[in-house]
Amino acid sequence: MKRETLNKKTKISNDILFYIYTNIEVDINMDELAQSYGLSKFYMHKVFKEIFGRNIYESIKSIRLQKASSLLLTNKYSTITEIAALCGYSSQTSFIRVFKERFLVTPTAWRKGGYKKYSKTILEESKKAKSSNASFENLEATIVKMPPIQTYYIRHNGYNDDVKQTWQKIQTWMYSNDIKKYKHIALFHDNPVVTHLDECQYVACIEVEDELLGEQRLPKFNISDGVYARFDISGVDGDFLKFMHWLYNEWLPSSEYETTTKPPYAIYKKNKYLSDDHIFELSFYLSIKY
């Protein structure tokens with residue numbers, strides 16, 4: 001495939017995914033969506049699956065259910081029907097059915113502690129996270145307003161040690177372009193607290209300070225601006241997943257904040273995937289509203 005064609009397909013797919021994230025609470029009409037990009041519905045679906053490895057319907061379902069899993073904990077006074085509506089479900093019955101298919105318990109049981117049991121099974125998929133002794137009870141959030149961040153990126157399917165190879169490709173591209181001033185950023189399209197690690201979409205990004213001339217091998221996209229809770233953390237392999245579990249299962253439900261569908265991201269001060277000691281230092285940004 002020509003680089004120009006791939007970049008065009010990647011842009012279309014990223015635009016569609018951004019639209020889904022920002023309109024997840026309404027019924028997304030596929031005919032209208034395809035028409036708005038001047039595409040046939042068949043071609044739109046084909047390109048999206050080619051770039052992301054899963055179809056549009058699967059992505060919509062996953063984003064809705066991940067949002068619901070958080071809202072059930074943060075919106076303590078909302079009914080199941082109200083949560084379903086916030087996540088784009090017109091029927092409470094269909095919402096309960098698909099929620100139970102995904103999380104193995106009903107939304108009510110999830111609220112009553114089912115989320116901790118399910119989340120623990122995900123954590124146990126990582127031996128390093130399971131054996132982590134890290135504690136985050138005294139960690140405090142800083143509330144910040146972040147601008148959009150333009151990045152070059154490579155997507156990686158699965159949240160695992162193979163992420164290192166993706167970061168090495170970013171590093172090779174960086175050296176090849178003689179880039180001196182940059183930031184490494186990890187974007188999490190899927191929540192690894194409630195999504196099996198081999199199904200998580202992880203995006204390795206690099207923000208470049210100086211403008212690059214000419215066509216680049218890596219595609220570009222913007223990380224969303226907005227209000228975020230920032231957490232400054234450091235640790236070794238396994239500690240980060242433990243942090244995510246504390247964040248979503250302990251901090252968020254007791255914070256009175258609600259998370260949004262904007263994907264969270266981490267800006268590395270030290271990238272564990274590119275360091276010999278596997279130690280990371282980063283600022284993690286979780287999109288919130290009150």
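Worth knowing before you read on, the calculation uses all heavy atoms, side chains too, and leaves out hydrogens, waters and symmetry mates.
- Annotation: the span from I206 atom CD1 to I179 atom CD1 amounts to 5.0 Å, rounded to 0.5 Å.
- In this structure, L218 and Y152 approach most closely via the heavy-atom pair O-CD2, 3.5 Å.
- The shortest heavy-atom contact between G158 and V163 is O-CG2, 4.0 Å.
- Within the 3.5 Å criterion, the main-chain N or O of Y153 finds no donor-acceptor partner in the side chain of T151.
- D210 and K181 are not joined by a salt bridge, as no carboxylate oxygen comes within less than 4.0 angstrom of a charged side-chain nitrogen.
- Judged purely by atom type and a 3.5 angstrom limit, K242 has no side-chain atom pairing as donor or acceptor with the backbone of L123.
- Atom-to-atom distance recorded for Q216:CD and N177:CG is 4.5 Å, nearest 0.5 angstrom.
- With sequence neighbours left out, the salt bridge (charged side-chain N to carboxylate O under 4.0 Å, His left out) criterion links R217 to no other residue.
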Task: CA sep, side-chain torsions, deciding dist, call: S62, Q66, side chain to side chain donor-acceptor pair (under 3.5 Å) - done: CA-CA 6 Å; S62 180; Q66 288 184 63; 3.0 Å; yes
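- Panel note: side chain T261, backbone Y21; a donor-acceptor pair is recorded below 3.5 Å.
- Annotation: E137, atom CD; neighbour count of heavy atoms from other residues, nucleotides and ligands within 6.0 Å does not exceed 12.
- Remark: the backbone N or O of P192 is not paired with any side-chain donor or acceptor of T195 at under 3.5 angstrom.
- Under the 3.5 Å distance criterion, the side-chain polar atoms of S287 are left unmatched by any main-chain donor or acceptor of T259.
- Applying the ring pair (Phe, Tyr, Trp, His ring centres under 6.0 Å) test to F18 and every residue at least two apart in sequence or in another chain returns nothing.
- Considering T10, T166, N14 in turn, N14 is the only one that fulfils the side-chain hydrogen bond (donor to acceptor under 3.5 Å, both in side chains) rule with R155.
- Within 6.0 Å of the NZ atom in K145, the count of heavy atoms belonging to other residues, nucleotides or ligands does not exceed 12.
- Using cut-offs of 30° and 60° on the angle between ring planes, the pair Y273 and Y202 is perpendicular.
- Residue pairs meeting the salt bridge (charged side-chain N to carboxylate O under 4.0 Å, His left out) criterion with at least one partner in residues 182-208, sequence neighbours excluded, are R54-D190.
- Residues C87 and L71 come closest through the heavy atom pair SG-CD1, 3.8 Å.
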TODO: Walk me through it: do F240 and F188 pass the test ring pair (Phe, Tyr, Trp, His ring centres under 6.0 Å)?
DONE: CA-CA 13 Å; F240 182 73; F188 301 86; 5.5 Å; yes
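- In this structure, K61 NZ and R102 CZ are separated by 9.0 Å, a value rounded to the nearest 0.5 Å.
- For Q35, the CD atom sits in a loose shell: 12 or fewer heavy atoms of surrounding residues, nucleotides or ligands are nearer than 6.0 Å.
- The pair K116-E250 meets the salt-bridge criterion, since a charged nitrogen lies less than 4.0 angstrom from a carboxylate oxygen.
- Closest heavy-atom contact between I149 and M146: CD1-CE, 4.5 Å.
- Between Y268 and W167, the ring-plane angle classifies as perpendicular under the 30° and 60° cut-offs.
- The shortest non-hydrogen separation linking I16 to L33 is CG2-CD2, 4.0 Å.
- With respect to the salt-bridge test (charged N to carboxylate O, under 4.0 angstrom), the residues D277 and K270 qualify.
- Annotation for F52 and Q201: closest pair O-NE2, 2.8 Å, computed over non-hydrogen atoms.
- Using a distance-only test at 3.5 Å, with no hydrogens or angles considered, no donor-acceptor pair links the side chain of Y159 to the main chain of L241.
- Checking E258 against T74 by side-chain atom types alone, no donor-acceptor pair falls below 3.5 Å.
- Residues K130 and K127 are not in side-chain contact: their nearest non-hydrogen atoms beyond the backbone lie 4.5 Å or more apart.
- Around the CD atom of E140, the shell of radius 6.0 Å holds no more than 12 heavy atoms that belong to other residues, nucleotides or ligands.
- Judged purely by atom type and a 3.5 angstrom limit, R111 uses its side chain to pair as donor or acceptor with the backbone of L72.
- F231 pairs in a ring-ring contact (aromatic ring centres under 6.0 Å, His included) with only one of the listed residues (Y285, Y265, W251, Y248), which is W251.
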